[in-house]
Q: 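Next up is a structure, given as structure tokens.
Here the structure is a predicted model, which is why all the values come from computation and not from measurement. Residue indices begin at 1 and follow the sequence shown.
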Amino acid sequence: GKQHGLSDKEVFKEIKISNLDLLIVPDAGTGNVLECNELVELGTNIIILDHHNVSNHILVDAITKIPTNEITPYSCLIFNDAIIVNNQMSENATDKAMTGVGIVYKCIKCIDEIININIADEYLDLVAVGMIADGCDLTNLQSRYLVLKGIEQLKNKTNRNLFLKELINKQSYSMNNNITITSIAYYICPLINSMIRLGEHEQKYNMFKAMCNSTELIERKLRGKGVVPISISEYVYKDCLQLNKKQKEIVVESSEYIENEVKEYNLDKLPVLVCNANNNIDKNFTGLIAANIAGKYKRPCLLLNQYNSVLSGSARGFDKSQIRDFNSWCKQTNLFKSVEGHSNAFGVSIELNNVQKLIDELLTIEYNDELIYHVYNVYDDKTISSELIKRIYK
């Protein structure tokens, strides 16, 4: 399923009985304090490579254990000798835009330096697609540079990843034969995303193998050809296409259900949409639906399912609303049980008896639906060259 870190109980059980010497958890795991401590006591070394913010109360005890002189720019937390590398958790890390795949890349760069090899840059195609897919802030110069270098590999066909080559080749018409940040975001990332959300275990395993440059052939029935062997990359691409079509249908249907709820209860009178999915929406899709609703109503959205006395689900911000960092806003209310993820795309949980308090809080906010455009930089047109402008908007 679409789980994060060590949160899946069945997977965690498998890890515990596997007698691992080393466990590496990419793009997740910062909040799994109890699970990390349990594994370390069993003799497993753990390295977590993450970029997600987690609720402060989870980390207070852990942070106080670390001497200040031992905090390094990217490695800033140690739970019982489990190492957490997270750019959001250290004041010494200035690049907060870097996403999980970027943290993994930086770790490999460190390994390159330590053992005197140079392989990290061979995977910049994966870094670029991963950072675009995760909504990385590409106004950040380091992140933008890495993404553009990865795109350069894709354009020049010097990238190593066979699966990405297959996706781009098959989607070249839709992309107008132009590999850009936008075309990757619209025509490549959604195919991979739909497989992660909807694919069966075997389909996901095939995509994992394709991502690892497998040259395996798999038989498939093709129109006009019968059953023929095709590359695993092409096989997975066809699965992704089918699942992406299904995902679009689910998003439309589920969004209509939530929109009816918004109209019936006048939820759009508040600066934040607080919607109850009533367990009618698959948890794998709450993030997508919340983003869709936030975009339609031009304000942040909380889409929640009730589990006994707790509501949990997905939160999505809207970048032109008066709440610029929805994650921080939720934390500042002190009403949520957990708030974990990105600034405007994250998971939440809230006690049922705090929901009315949240509504009351929202009623105190003076609100209008005028769009707010945030200014990130101001440049003097006398000092900025036309060549630099072209590079910025490349």
Q: I'd like to know if the side chain of N266 reaches the main chain of K269, judged simply by a donor and an acceptor atom lying under 3.5 Å from each other, with no hydrogens or angles considered.
A: no
Q: Applying the side chain to side chain contact (heavy atoms under 4.5 Å, CB included) test to V274, which of L303, L267, I359, I350 qualifies?
A: I359
Q: Which pairs count as side-chain hydrogen bond (donor to acceptor under 3.5 Å, both in side chains) when at least one residue sits in residues 181-199, sequence neighbours excluded?
A: T180-S183, N193-R197
Q: Tell me which donor-acceptor pairs under 3.5 Å the side chains of residues 16-24 have, and how far apart each pair is, sequence neighbours excluded?
A:
unit_1: K16; atom_1: NZ; unit_2: E38; atom_2: OE2; d: 2.5
unit_1: S18; atom_1: OG; unit_2: E14; atom_2: O; d: 2.5

Q: Side-chain donor-acceptor pair under 3.5 Å between N276 and N278, yes or no?
A: yes
Q: Please tabulate, for side-chain N and O atoms in residues 307-315, each donor-acceptor pair with protein atoms closer than 3.5 Å (sequence neighbours left out).
A:
unit_1: S314; atom_1: OG; unit_2: T286; atom_2: OG1; d: 2.8
unit_1: S314; atom_1: OG; unit_2: G287; atom_2: N; d: 3.3

Q: With side-chain hydrogen bond (donor to acceptor under 3.5 Å, both in side chains) as the rule and sequence neighbours excluded, what pairs involving residues 206-218 come up?
A: K209-E216
Q: Does the N159 side chain pair with the main chain of D125, one donor and one acceptor, at a distance under 3.5 Å?
A: no
Q: Looking at K248, I'd like to know if its NZ atom is crowded, meaning that more than 12 non-hydrogen atoms belonging to other residues, nucleotides or ligands lie closer than 6.0 Å.
A: no
Q: If you measure only the distance, is there a donor-acceptor pair under 3.5 Å linking the side chains of N140 and D95?
A: yes
Q: More than 12 heavy atoms of other residues, nucleotides or ligands under 6.0 Å from CD of E122: is that the case?
A: yes
Q: List, by chain and number, the other hydrophobic cluster members for F318, where Ile, Leu, Val, Met, Phe, Trp and Tyr join if side-chain heavy atoms come within less than 4.5 Å, directly or indirectly.
A: L371, Y373
Q: For H342, is there any backbone N or O sitting under 3.5 Å from a side-chain donor or acceptor partner on N327?
A: yes
Q: Say you draw a straight line from CZ of R220 to NZ of K225; how long is it, rounded to the nearest 0.5 Å?
A: 13.0 Å
Q: Among residues at least two apart in sequence or on other chains, which ones pass salt bridge (Lys or Arg N to Asp or Glu O under 4.0 Å) with K149?
A: E152
